[in-house]
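Source: prediction; values computed, not measured.
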There are 2 protein chains.
Amino acid sequence: MPASTDISTDLDDISFLGRLSEALSQRIEEQTRPLFDEAGITVPVRSCSLLTALVEAGEASAADLARALGQSHQLVIQKCPALLRLGLITQHADPADARRKIFRLTDAGHDQLARIDAYSVRIGEVYRALFEEVGDVHGAILKALKALADKPLSERIRE
Amino acid sequence: MPASTDISTDLDDISFLGRLSEALSQRIEEQTRPLFDEAGITVPVRSCSLLTALVEAGEASAADLARALGQSHQLVIQKCPALLRLGLITQHADPADARRKIFRLTDAGHDQLARIDAYSVRIGEVYRALFEEVGDVHGAILKALKALADKPLSERIRE
DNA sequence: ATTACAACATATTGCGCAATATATTGTACG
DNA sequence: CGTACAATATATTGCGCAATATGTTGTAAT
């Protein structure tokens, strides 16, 4: 838990938006972890999407998962050991390609995914209600990301 | 730079909002650093507010700065060595209280702050324009933070 | 005065991620 | 063929932060 929940609203602070969105990210993760614990979900919050991608693919290499998730290959590789340790996935050599190592969900992994699925319905409702309360954070952030990708700050500042 | 700029828009992904806001935070920092370099600003993007707080206080201990910034005391302590190395601040023992160590801005620190100040005007304009383009991300995130502080996910999910 | 406690600074450790480097294996082209 | 290159996995390192633990110094209560 952060030492304070006070967030500067000062526009003069150059990095304000970065710090704001980081604060939001932290608060969400903070509040999600205990809920997961309560629901018997041991999966790291940030690896849920990895498991989802894996169950959809049936089996996949780290590189496959990275492509499916839009994450870096190294990041996937770094997440997998924890999931192996938790017994949620297994790793096998690919007989057809000695470079690849294939991941599969274990029964425990499927069980966890089922719990997550059951949970995600409810959580989706909560977020939708939150959005109605405070405005479409989701959409606004997406638009901001797209805008910054299309025209970076370096361009914007020269106009 | 992240391997991909693709962001999942899937509401079913439980941690989607956290990952979205983190992505935004990263993109902003990514794009801000080169601008700083170009403007001769060596200050770590995330320490700008620390310098600002210090110049406003004149002199301050780490605990003072933490209170002013709403950050944890330890975080301030961890940031200061880099600023000392950059020659932007100095550290002195407090003659009145042997527990405290007092930080002050150096001339180089003031110079950096002046550059940042000059920059922050322009950058404020850019952000305001961005908000008009994509909606009030700033305000939406603030509202979401406040809403989650007032009523955490754990409460919301039980309704 | 002594004792307990609060405030402060600091070190250590761990987490999640990025960046870089390296090694291995497959593929395509000369 | 063999040589260059692409793809894959992995280790190492560094950054920014949180959490925890420790030691020191001031303060207040008895």
* Do other residues, nucleotides or ligands put more than 12 heavy atoms under 6.0 Å from D107(A) CG? -> no
Just so I know, are the side chains of [X] and [Y] near enough to count as touching, which here means a heavy-atom distance under 4.5 Å?
X: I141(A); Y: L17(B); value: yes
X: F103(B); Y: T90(B); value: no
X: V43(B); Y: L86(B); value: no
X: L84(B); Y: Q91(B); value: yes

* To do: Report the distance from atom NZ of K151(A) to atom CD1 of I157(A), rounding to the nearest 0.5 Å.
  => 13.0 Å
* Exam field: side chain R27(B) to backbone L145(A), donor-acceptor pair closer than 3.5 Å ->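 Yes; at least one donor-acceptor contact below 3.5 Å.
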Report all interatomic pairs (protein N or O, nucleotide N or O of nucleotides 1-5 of chain D) with separations under 3.5 Å.
none

* L65(A) CG - dA9(D) P separation (whole Å) ->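 Value for this atom pair: 9 Å.
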* What is the distance from CG of D94(B) to P of dT25(D), rounded to the nearest Å? ->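 It is 13 Å, rounded to the nearest whole Å.
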* Contact pattern, 5' to 3', of nucleotides 5-16 of chain C - B, S or - by protein heavy atom under 4.0 Å -> -BBSBB-B---S
* Does a donor on one side chain sit under 3.5 Å from an acceptor on the other, for S61(B) and D64(B)? ->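 Judged by distance alone, the side chains do pair up.
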